[in-house]
Amino acid sequence: MTNAQIAAALEELAVLYQLDGADHYRVLAYTNSARTIKNEGRSVEEMALAGTITELPGVGKTLEEKIVALVETGEIPAAAKLKEKIPEGLLEISRIQGLGPKTVRRLYDELDVTGPDDLRAAAEAQKVRAMKGLGPKVEEKILTGLDKLEAEPEGPTRLRLDEIRPVAEELAAALRDNPNCERAEVAGSVRRWTETCKDIDLIASSTSPKELAAAIAEHELVAEHGNPNETGIRLTTNSGIGVDVRFVAPEAFGHLLQHFTGSGPHNAELRERAVARGLHVSENGIKDDSTGETEFFATEEEIYERLGYRYIVPELREDRGELDAAAAGELPELVERSQIKGDLHSHTTLSDGVGSLEEMAAAAEALGYEYLAITDHSESHGFGNNVEADRLWQRIEEIAELNHEGRGIRLLSGSEVNIHPNGSVDYDDDLLEELDWVIASIHTAFSDDADRNTGRMITAIENPQVDCIGHPTGRLINRRDPYPLNIERVIAAAVENDTMIEINSNPRRRDLNEIHARMAAEAGVKIVINTDAHRPETLELIEYGIATARRAWLTPDQVQNTRSWWK
DNA sequence: GCCGTTTTCGGCCCGACTGTTTTCAGTCG
């Protein structure tokens, strides 16, 4: 059972308890443990069976018992019991925006609502507005919420960062360009460089906020907007992305920026620790119990300093140990884009790329790189993009000639070889030996069996001709789950054989992800950040791989392509 | 349900917004 599956079961149990009227903090214990498990790289199933799971923060005796039952029998007895008592449809309708567990429970108790159909009937018969504390507006919200539920049964999908980031940057730039704007910044998950984002948060200060709000509402990307006012405005873009613009006085800019950058768990933990010292943190400032005064800071740096921490960059604000590290002055010096000296995974027209050798070289040189590995697909790739051995021998010559001509960048002759189901790779050893750089990836025959996939990959890792494993889990964000893989065994094999592992920067992949990359680097795996560029301009996507590396706490010495090629 | 720089019991982050109601509960981020 995967960590994601265990986390989902605990989240479901949390909702069930909520509908059952359980204490708020008990519910919180379940949702918090679900988050911890999602953030854990090691197999939680194995930890549960080994009796070490209570090492995880927020997991005590009771949760241990429930998780062990879950991995052993496939279900949690308490959840099964609650499901007998609470109709499944109630879980569904509690996903409606603005409809919480308390109201859902009352709808069930007072109107016998057991699911979406009952609820629609009750709302249409105007029975909801007859309930105490509810009125016609709630009824309306329920009906539109039900429509949404029908249209998107899986819930709203979070957009990939590359789908949302350009919009956020353009709107922030538009705010800055307005003469009424003093300062504007992107906050929220976009600023933290998460894999996916729900919406866009923008923070701005202005001498005449209302006019600024009215101006941004007229931007060409904006389809709908709420009322412009002194505190902000809510926008929806043409592509359906929600945007929250908030205004703040310049002297308190840091507080709002910090608050809306999040993450929620980071802020909650930050505040909880502050309370122990008599300080109350909010988006409005820091209230000191000892003086009764509220302090204001213009920058986040000052806020973190006041609370006893080194400055924590947005990428680390996930409540994954950054507060302890910042308090102890032990935050890592994170890898930066400017430190990358070359890209070790790229394609040309020889396989499925759209740039020639020269075009790719020129683009890499323009980025200031010292080297670029040309790693077209191998012999068995198919799709008409396969490269026969003879052609690759020829390509080695072409690259040697280009290098001989002496340009500002060194090209490395390489290949992205397919890992076959038995773990062997394309091409004979004498050809592989002649290459500067060999990446091995799985592109076909994903098995649903973790043991088989893992064994296949470890065979490739053990192959002395293989330098690096490409996009190790094969996941496509929002589109394809990773194939089952025992990542801990892969990491151990990579350390033992001194085989590197890639963080693929393509924003659709970001593979390794930040959790696994952190675990791999801590275990001693040499990480490489590559773009897998299929056209000259996509070499720029390195910034997404850098972001994943930073979110994985990686330092430049853990990233091999911060070094010159000979090193 | 978890946990301990005051604690093995009694706390557990903070505020805005909404819709309903004359002061607040519920929901959300």
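Since we're looking at a predicted model, the values are computed, not measured.
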Using the C1' atom as the reference point in each nucleotide, state the distance between B/dT23 and B/dC17 in Å, no decimals.
16 Å
Roughly how far apart, to the nearest Å, are B/dT18 and B/dT22 at atom C1'?
16 Å
Of B/dT27, B/dT20, B/dG15, the nucleotide closest to the side chain of A/Lys137 is B/dT20
May I ask you to say what A/Asn284 touches in the nucleic acid, namely base, sugar-phosphate or nothing, with a heavy-atom cut-off under 4.0 Å?
sugar-phosphate
Residue A/Tyr25, side-chain heavy atoms: nucleotide from B/dG1, B/dC14, B/dT20 that is nearest
B/dG1
Spacing of the C1' atoms in B/dC13 and B/dG19 (rounded, Å)
25 Å
Does the side chain of A/Lys287 get closer than 4.0 angstrom to OP1 or OP2 of B/dC14 through an N or O atom?
no
Check every strand shown and say whether A/Pro265 touches a base, only sugar-phosphate, or nothing at a heavy-atom separation below 4.0 Å.
nothing
Would you indicate what A/His24 reaches in the nucleic acid, counting non-hydrogen atoms under 4.0 angstrom: base, sugar-phosphate, or nothing?
nothing
With respect to the side chain of A/Gln97, which nucleotide from B/dG1, B/dG29, B/dG26 is positioned closest?
B/dG29
So for atom CZ, which belongs to A/Arg508, do other residues, nucleotides or ligands contribute more than 12 heavy atoms lying within a distance under 6.0 Å?
no
Here's a test of your reading of the structure: between A/Lys141 and A/Tyr30, which maps to the more 5' nucleotide of DNA chain B?
A/Tyr30
Under 4.0 Å, heavy atoms only, any strand: does A/Glu269 hit a base, just the sugar-phosphate, or nothing?
nothing
B/dT27 and B/dT20, which share atom name C1', separated by this distance in whole Å
14 Å
By nearest atom, which of the nucleotides B/dG26, B/dG29, B/dC13 is closest to the A/Lys102 side chain?
B/dG26
Evaluate A/Arg183 against A/Glu185 for salt bridge (Lys or Arg N to Asp or Glu O under 4.0 Å), listing each step before the verdict.
CA-CA 7 Å; A/Arg183 187 177 170 195; A/Glu185 301 288 345; 3.4 Å; yes
Heavy atoms only, 4.0 Å cut-off, all strands: where does A/Val27 land among base, sugar-phosphate and nothing?
nothing
Using a heavy-atom cut-off of 4.0 Å across all strands, would you classify A/Leu134 as base, sugar-phosphate, or nothing?
sugar-phosphate
Side chain of A/Ser282, heavy atoms from C-beta onward: which of B/dC12, B/dG15, B/dG29 has the nearest atom to it?
B/dG15
For A/His266, is there any backbone N or O sitting under 3.5 Å from a side-chain donor or acceptor partner on A/Arg317?
no
Quote, to the nearest angstrom, the C1' distance that separates B/dG11 from B/dA16.
25 Å
Return whichever of A/Leu99 or A/Arg271 has its heavy-atom-nearest nucleotide of DNA chain B closer to the 5' end.
A/Arg271
Under 4.0 Å, counting only non-hydrogen atoms across every strand here, what does A/Lys66 touch: a base, just sugar-phosphate, or nothing?
sugar-phosphate
Using a cut-off of 4.0 Å on non-hydrogen atoms, how would the nucleic acid contact of A/Gly264 be classed: base, sugar-phosphate, or nothing?
nothing
